[in-house]
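Okay, so here's the structure we're looking at.
Order of the sequence lines fixes the chain letters, A, B, ..., with proteins taken first and strands second; residue numbering starts at 1 for each chain. Note that these values count all heavy atoms, side chains included, but never hydrogens, waters or copies made by symmetry.
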Amino acid sequence: MTIRVLIFGSLARELSCKDIVVDVSASATVRDVNQALATKHPFKAAFFQSARLAVNHAFAKPDAPVQTTDEVALIELVGGG
Amino acid sequence: MTIRVLIFGSLARELSCKDIVVDVSASATVRDVNQALATKHPFKAAFFQSARLAVNHAFAKPDAPVQTTDEVALIELVGGG
Amino acid sequence: MSVLIRISSGPLSSERLPHVLNPAPAASLQAPARKSQSNSSSDHAENISAPAMQQVGATVVFEGVVRANEAGRLIRALSYEAYEPMATNSLTELARDILCKHALIAITVEHSRGEVAAGERSFRLAIDCAHRKEALAAMDEFIDRMKRDVPIWKSPIYI
Amino acid sequence: MSVLIRISSGPLSSERLPHVLNPAPAASLQAPARKSQSNSSSDHAENISAPAMQQVGATVVFEGVVRANEAGRLIRALSYEAYEPMATNSLTELARDILCKHALIAITVEHSRGEVAAGERSFRLAIDCAHRKEALAAMDEFIDRMKRDVPIWKSPIYI
């Protein structure tokens, strides 16, 4: 299935886009989405493997399941405020 | 010589006065003034012996000399602000 | 106890928001976080009771100002991007958690989104409490956790 | 760098004093503390330069409010007595010391003397600095040392 991962801030500027679309299996978890992001962007693999993802506006654990209808966002902050 | 020691706050309320006048020798130091205060008010002797005195608007060390023309004040605070 | 959260467009006003919007029972603290927000601002308030206000002995306000340089380069402004409603919800949860942990009386948080010019305010955290030590510890912890967990990003706009 | 000290009669206004009174060279920090003061207020200012202002990234303001009870008894007000000019001079010295030690940009201190009713402000400390951590540490240290060393006494006025 297809998961669209919203991205923000300097990452969005660097990649010149507002989201990254990845393909994962129908039983995918948050961890699988991280892995798919890392595979798609090998030069930032370490970053994507450990980046925190929010599912439907709450931080999600690596084991949490993901569905194609979920709103997934990559929340990696470097000191806002 | 005579030294007038200004007092404030709860001490002034307790003693119902704004100053305490003590007699000390012409070569007296701040320590001697503390001692004279303690002698004059034996029920608060320990308090007066260790109370901080300001001479001419600055905290004075125990060894500092005192003159009758100096402005002496007892600065014992219990948390202002 | 009171929690008031507002994320609004552009620089913050120099005037602080009042802590007390509508006096109401303290039980309103248990009300769920508001999930919706308008396009122009997101604003989430819980209310403070009059007896609680009488316990306030200290108010500490932190204001973040956009500095004219960022990593050594001169900037004209910072642009803040908030991922809503997660930003407002997570600020609200953070404020409630800090309020309970440090036994505070009220927390008011204001954060800008969009462009804020150098010299203007982009963030304000106001804490009411009985005593000072709790307020300072709470403020430090709030800002650390906000920077780590609340989805608001800043981008420099260079001169 | 700027230090502004004011001890004035009655409750503080809800408006903060501006940090910048007259832009002037930073060397004014070395100016001697003003020894005189009027009966109605004592006010001591040193000035802040425009380049220093551009470094301000955080402003933290502490406000002390008179609480309606003191040691378990209801009070109508607190009455503050300041021993002048020592009170203003020692606040000024304390502010300079804290400013240098924590590398702050500006400190503004306001303290009431005379009667301040419950619920009203009697003390305000505003700190401008580049970063937050210094401001919070400086605020804590300033208030601890003020309570210990600055000759201002408070007396409860019971209902």
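- Remark: D:Arg113 is not positioned above the aromatic ring of D:Tyr80, lacking an NZ or CZ atom under 6.0 angstrom from the ring centre and at most 45 degrees off the axis.
- Shown here for D:Ala135 and D:Cys129, the closest heavy-atom pair between the two residues is CB-SG, 3.3 Å.
- In this structure, D:Arg76 fails the cation-pi test against D:Tyr158, since its NZ or CZ atom is not both closer than 6.0 Å to the six-membered ring centre and inside 45 degrees of the ring normal.
- Contact annotation for B:Ala58: only backbone heavy atoms (N, CA, C, O) come within less than 4.5 Å of a heavy atom of chain D.
- Of the atoms belonging to D:Asp149, heavy atoms from both backbone and side chain fall under 4.5 Å from chain B.
- Looking at B:Leu11, there are no atoms closer than 4.5 Å to chain D (heavy atoms on both sides), in backbone or side chain.
- Residue-environment remark: CD (B:Glu71) exceeds the threshold of 12 foreign heavy atoms within 6.0 Å.
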